[in-house]
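Numbering of ligands and ligand atoms starts at 1, following listing order. For clarity, every value in this text was computed on a predicted model and none was experimentally measured.
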Amino acid sequence: MYIIPGPSSQVLAGSVARAMQCRLADTEFFHFPDGEQYLRVPDDVGDHVAIIQSTPTDSDYIALLQLIDACDAADRIDVVIPYFGYARQDHRFKHGEAVSARALARAITADRVFTINVHNQSVLQYFDADATDLDAAPAIGAHLASMKRDESDSLCIIAPDEGAIDLARSAADYLGVDFDYVEKTRLSGDDVTIKTKKLNVAGKDVVILDDIISTGGTIVKTALLLRENGADRVFAACIHPVLARNAATHLFSAGIEGIMAADTLDRSVSVISVAQLIADAI
Ligand code: R5P
């Protein structure tokens with residue numbers, strides 16, 4: 001079996017290949033002068049391949065389709081999309097809109113598809129292939145456990161919106177620490193409000209845990225509320241560190257002590273690996 005690393009997931013694919021002790025294919029890719037992409041998998045990759053490619057950009061999505069096509073001689077193709085871009089466009093919010101997650105999922109031909117903490121599991125139904133969402137919450141929990149200075153250390157996990165409740169609760173359960181959530185209303189792509197709420201966080205270290213940090217607006221507004229409630233240190237953690245534009249700067253300017261994320265996207269904050277989770281699933 002070969003692991004096929006997509007351009008956006010080379011580090012994670014390498015870690016999965018190491019965890020599975022299987023071969024890592026070479027890939028060649030570049031852009032033509034007109035902007036079109038070229039992709040080639042020169043190795044003879046055999047019967048079973050696992051393509052690993054996150055799709056944070058349109059170009060990464062094109063590369064995923066090209067990888068699948070390049071491996072068409074394989075009898076069995078598993079596709080791992082650690083971060084599936086467009087998953088937040090999971091249904092029609094307004095008349096006439098494209099259900100973008102559905103449009104993209106439909107074009108992916110494979111035997112099995114794996115996502116990791118996809119924004120809404122309803123998108124799994126859009127894949128023709130057998131699609132499974134893997135849960136990185138225990139990996140996040142295990143990492144956060146190393147932050148506790150001692151057994152009596154008071155740590156609290158906060159979900160910054162209702163969509164993150166299951167993830168945050170699951171990590172808190174793993175750690176055996178307190179958990180709460182706040183209610184968010186999205187006003188635009190980069191503006192949210194967080195409903196005022198009394199939180200039992202005075203003097204505690206708090207981790208705000210979300211599936212995605214994109215502009216950072218959700219974390220910044222939640223951190224403000226936590227400060228008002230007397231929290232001590234506030235950290236941000238997520239599965240998918242999209243970190244669009246100057247999100248990281250906004251987080252640190254808001255007093256966030258540190259950002260911890262899974263390696264579904266290859267960023268400097270991606271310190272929590274999902275490689276073993278993927279290896280086990282494949
Ligand atoms: C949306 O519901 C997601 O779970 C995240 O809360 C959202 O993507 C975060 O976006 P931003 O960082 O731009 O506030």
Exercise. Do Asp135 and Asn117 have a side chain donor and acceptor closer than 3.5 Å?
Worked result: yes

For this session: Might you list the protein residues in contact with ligand 1, defined as having a heavy atom under 4.0 Å from one of its atoms, sorted by chain and number?
Result: Arg88, His119, Asp161, Lys184, Arg186, Asp210, Asp211, Ile212, Ile213, Ser214, Thr215, Gly216, Gly217, Thr218

Exercise. Between Asp191 and Ser188, does any side-chain donor sit less than 3.5 Å from a side-chain acceptor?
Worked result: no

Problem set entry | Passing candidate, side chain to side chain contact (heavy atoms under 4.5 Å, CB included) with Asp161, options Asp211, Val182, Asp210 | Asp210

Problem set entry | Results of ring-ring contact (aromatic ring centres under 6.0 Å, His included) for His48 - residues two or more places apart only | none

Seminar exercise, completed: Paired with Met1, the side chain to side chain contact (heavy atoms under 4.5 Å, CB included) test is passed by just one of Val49, Asp47, Val45, Ile282, namely Ile282

Exercise. Cut-off 3.5 Å, side chains only: do Asp266 and Tyr83 have a donor facing an acceptor?
Worked result: no

